[in-house]
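For clarity, every value in this text was computed on a predicted model and none was experimentally measured. Sequence lines set the chain letters: A, B, ... in the order given, protein chains first and strands last, and positions in each chain run from 1.
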Amino acid sequence: MTLRLFNTLTGKVDELAPADGKALRMYACGPTVYDYGHIGNFRTFLEIDVLRRFLLLTGVPVQHVMNITDVDDKIIRNAAAAGISIQEYTAPFEKAFLEDLDTLKVQHPEQMARATEHIDKMVELIQKLAEVGAAYQTEEGSWYFRLSAFPEYGKLSKKDLSGMEDGARVDVDEYEKDSARDFALWKAAKPGEMSWDTPIGRGRPGWHIECSAMSMEYLGPSFDLHTGGEDLMFPHHENEIAQSETVTHQTFARHWMHVRFLLVDGRKMSKSEGNFYTLRDLLLKGYKASSIRMALISVPYRHQLNFTFEGLVDATAAVERLRTFADRLATGKFDEGSNDELQAAAKKARADYMDALANDLNTADARAPIFELVRAANTAIDKGELRSGDRDAIQLVLKDFDAVFDVLVDTDAEATKRALAWAEQAGRMNEVAPDLLARQGLSDETIDALVAERTQAKQQRNFARADQIRNELAEKGVVLEDSKDGVRWKRK
RNA sequence: GCGCCGGUGGCGAAGUGGCAAACGCGCAGGUCUGCAAAACCUGUAUUCGCGGGUUCAAUUCCCGCCCGGCGCUCCA
């Protein structure tokens, strides 16, 4: 099964397969580690995780490289304001970012590359550009890319810049540029700023050059796929193409994937709107990591996602339904044999699921057959018609579902504990939702003991006491389920 | 302003030129249960932003308008 993925470069859905027939070489624009990641950032990384996991599920090995931008204007400014080095400033945010990826079960790329550790590669690339006349240095020592050296500029974002008036938008600080649209490759050192002493002068890299240098370093001059948020299409990716192809004369990345932005409550997410959330904000509000993952990947990457707290609650319920079912299947006792209808249903569900994902990663469509199978199987279990062979067949479907969605295994409590530990250490306990704290105070052992007491009360037909215990637990977010096989409890 | 994308039930959201408009959540009623929960069943858009057009037939194609978003500047 080959993935059909929209390609920004060609403007249509193209098949995505490794050019070398072995591993799919992909470069994903990563974070600038100047702050904690917000849910918009993570929507992009989650959608790329879906892509990566689907490729792996279809048997395509992946060579996935992601940059970590640990030097840029904001970092330099913030580090200076804090009176620390940029390394000291970015290290905790990088650590937090990786921890957040783990919280959301985003698989790590095969290779992560820090910009500051590849300065030499960037300098080499700028030198090559200078050799062919595509880069020039200004009097104050900055280097710029000469846009006129790359006639294909605009081919990714489909922009025709020929009509653009040179000089229409000249920034007063950049008056030395030959053309207003020429972009910075290297910024000359300013007094007191972090800089590197290199053959092309003392300074620091422009933003775009790192991705060209590092992708070529790890993936070669031409590779299969380049990804990022939709905002990066222009100018970042366009600039990467110009820098790279001017030197290599090869197609930089053959396939480009851009993830759509999300909205929050139907509005653009922004700090000034007051609808800006980091992952940690949500965890401290008491939402589960799995709910966030499910909510963010349930809308296909090419569509705008409207993030709401109601949507998060919906996702929680959806995940709960799946987990309850998976548990029912795993712990139930079923007769030997198999049921033709269920075997067929499982087969169809798996095929529909794979087809939906192969169709430009349509995650919304992919969920449907899974839920349909859950209903069919639940019905069969209720009627006593599900056999052990059916359980096995359905579990295989769930396994493939979870190979991409990864919400069935419950690690939410650990993620929340980690967030709380961070809040404690960062002095942010005041941001923690009170009911989350109340729930944390209840240990599994205490719950088990109360459940046992309730069971005893029930056996003595002391329903008043039994209900009292159930209500107490419910107030602390613990839900009980009585069944023939005993009592199950779960934290909401 | 220019370019691009979207506007489907109470909410999220899939989808198609024409058979009953997926799926999830929610809500109402029922089965089960000591009562719940879970699970199942039934119901929940004669309708797909608004106005025109093309067509035997449009939510699906075309035009205009309104609304939201993105890009044109740093941004996932």
Please report the C-alpha distance between A:His108 and A:Asp102 in whole Å, then the side-chain angles of each, then the deciding distance to 0.1 Å, and finally whether the side-chain hydrogen bond (donor to acceptor under 3.5 Å, both in side chains) criterion is met.
-> CA-CA 8 Å; A:His108 287 213; A:Asp102 292 338; 2.8 Å; yes
Any chance you could lay out the salt bridge (Lys or Arg N to Asp or Glu O under 4.0 Å) test for A:Asp435 and A:Lys492, step after step, and finish with the verdict?
-> CA-CA 11 Å; A:Asp435 63 318; A:Lys492 264 178 82 180; over 6 Å; no
Please lay out, stage by stage, how A:Tyr36 and A:Phe93 fare under the test ring pair (Phe, Tyr, Trp, His ring centres under 6.0 Å).
-> CA-CA 6 Å; A:Tyr36 295 103; A:Phe93 291 120; 5.0 Å; yes
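Aromatic ring pairs are classed by plane angle as parallel below 30°, tilted from 30° to 60° and perpendicular above 60°; the pair A:Trp256 and A:His237 is tilted.
Counting atom types as modelled, A:Asp467 pairs a side-chain N or O with a base atom of B:G34 as donor and acceptor under 3.5 Å. For A:Arg302 against B:C5, no side-chain N or O and base N or O form a donor-acceptor pair under 3.5 Å. Side-chain atoms of A:Arg43 stay outside donor-acceptor range of the base of B:A76, with no qualifying N/O pair under 3.5 Å.
Residue contacts for A:Arg77: at a heavy-atom cut-off of 4.0 Å it reaches no nucleic acid atom on any strand shown. Residue contacts for A:Asn362: at a heavy-atom cut-off of 4.0 Å it reaches the sugar-phosphate backbone alone, with no base atom in range. Counting non-hydrogen atoms under 4.0 angstrom, A:Val479 reaches the backbone sugars and phosphates but no base. Counting any heavy atom pair closer than 4.0 Å across all strands shown, A:Leu263 reaches sugar-phosphate atoms only and no base atom. Among the atoms of the strands shown, base atoms are found under 4.0 Å from some heavy atom of A:Ala364. Residue-level contact check: A:Glu47 touches neither bases nor backbone, having no heavy atom under 4.0 Å from any strand. Note on A:Leu262: a base of the nucleic acid sits closer than 4.0 angstrom, heavy atoms only. Within 4.0 Å (heavy atoms only), A:Gly266 reaches sugar-phosphate atoms of the nucleic acid but no base atom. When heavy atoms are screened at a 4.0 angstrom cut-off, A:Pro31 is found touching no nucleic acid atom at all.
Among the nucleotides B:G34, B:A76, B:A38, the one closest to any side-chain atom of A:Lys458 is B:G34. In this structure, the nucleotide among B:A13, B:G71, B:C74 sitting nearest to the side chain of A:Lys74 is B:C74. Checked against B:C70, B:C5, B:A76, the side chain of A:Arg260 finds its nearest nucleotide in B:C5. The side chain of A:His303 lies closest to B:A14, out of B:A14, B:C70, B:G69. In the set B:G68, B:U73, B:A13, the nucleotide with an atom closest to the side chain of A:Arg181 is B:U73. Taking every side-chain heavy atom of A:Met269 into account, B:A76 is the closest of B:C35, B:A76, B:C23. Residue A:Tyr34 has its side chain nearest to B:A76 when only B:C72, B:A76, B:A22 are considered.
Taking 4.0 angstrom as the limit, A:Trp207 places a side-chain polar atom (N or O) nearer than this to OP1 or OP2 of B:C75. Side-chain N/O atoms of A:Lys159 include none lying less than 4.0 angstrom from OP1 or OP2 on B:G3.
Taking atom CD1 of A:Ile469 as the reference point, atom P of B:A36 lies 19 Å away to the nearest angstrom. Between A:Phe97 atom CZ and B:C75 atom C1' there is a gap of 15 Å when expressed in whole angstrom units. When the C1' atom of B:A76 is taken as reference, atom CG of A:Leu279 falls 14 Å away, rounded to whole Å. Atom pair A:Asp231:CG and B:G71:C1' shows a separation of 9 Å (rounding to whole Å applied). Rounded to whole Å, the distance from CD on A:Glu481 to P on B:A38 is 7 Å. One interatomic measurement links the two molecules: CG of A:Asn78 to C1' of B:C74, which rounds to 13 Å at whole-angstrom precision. Separating the NZ atom of A:Lys268 from the P atom of B:A76 is a distance of 12 Å, rounded to the nearest angstrom. Between the C1' atom of B:A76 and the CG atom of A:Asp49 lies a distance of 15 Å, rounded to the nearest Å.
In A:Gln468, the CD atom is crowded: over 12 heavy atoms of neighbouring residues, nucleotides or ligands sit closer than 6.0 Å. In the displayed structure, A:Lys158 atom NZ is contacted under 6.0 Å by more than 12 heavy atoms of other residues, nucleotides or ligands.
One C1' atom belongs to B:U44, the other to B:G49, and the distance between them is 22 Å to the nearest Å. Taking atom C1' on both nucleotides, B:U59 is separated from B:U47 by 8 Å, rounded to a whole Å. Between B:A45 and B:G9, the distance separating the two C1' atoms is 4 Å to the nearest Å. Between B:C61 and B:A14, the two P atoms lie 15 Å apart (nearest whole Å). Here the separation of B:G7 from B:G12, taken at their P atoms, is 12 Å to the nearest Å. Rounded to whole Å, the C1' atom of B:G17 lies 13 Å from the corresponding atom of B:C62.
A:Thr278 and A:Asp281 form a side-chain donor-acceptor contact under 3.5 Å, judged by distance and modelled atom types alone.
You'll find the ring centres of A:Phe309 and A:Tyr287 inside the 6.0 Å limit.
Of the residues near RNA chain B, A:Thr308 and A:His236, the one whose nearest nucleotide (by heavy atom distance) lies more toward the 5' end is A:Thr308. The residue among A:Pro235 and A:Gly228 whose nearest nucleotide of RNA chain B is located toward the 5' end is A:Pro235.
Under a 3.5 Å cut-off, the side chain of A:Arg260 and the backbone N or O of A:Leu305 do not form any donor-acceptor pair. A donor-acceptor pair is defined here as one N or O able to donate and one able to accept, closer than 3.5 Å; no such pair exists between the side chain of A:Arg293 and the backbone of A:Leu46.
Under 4.0 Å is where a charged nitrogen must lie from a carboxylate oxygen, and between A:Asp35 and A:Lys271 at least one such pair does. Using a 4.0 Å cut-off between a side-chain N of Lys or Arg and a carboxylate O of Asp or Glu, A:Asp402 and A:Arg53 do not qualify as a salt bridge.
For the pair A:Phe261 and B:A76, the ring geometry qualifies as stacking, because the centroid separation is below 5.5 Å while the planes lie within an angle under 30°.
Partner of A:His38 under the ring-ring contact (aromatic ring centres under 6.0 Å, His included) criterion, out of A:Phe261, A:Phe276, A:Tyr277: A:Phe276 alone.
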Dump every N/O contact between nucleotides 39-43 of chain B and the protein below 3.5 Å, one line per pair.
from, atom 1, to, atom 2, distance (Å)
B:A39, O3', A:Asn378, ND2, 3.0
B:A39, O2', A:Arg328, NH1, 3.4
B:A39, O2', A:Asp382, OD1, 3.2
B:A39, O2', A:Asp382, OD2, 2.5
B:C40, OP1, A:Arg321, NH2, 3.1
B:C40, OP1, A:Asn378, ND2, 3.4
B:C40, OP2, A:Arg321, NH1, 3.1
B:C40, O4', A:Asp382, OD2, 3.0
B:C40, O3', A:Thr379, OG1, 3.2

5'-to-3' dot-bracket of RNA chain B (Watson-Crick, G-U; under 3.5 angstrom; crossing pairs as [ ]; | other strand) = (((((((..(((.....[....)))((((((.......))))))....(((((..]....))))))))))))....
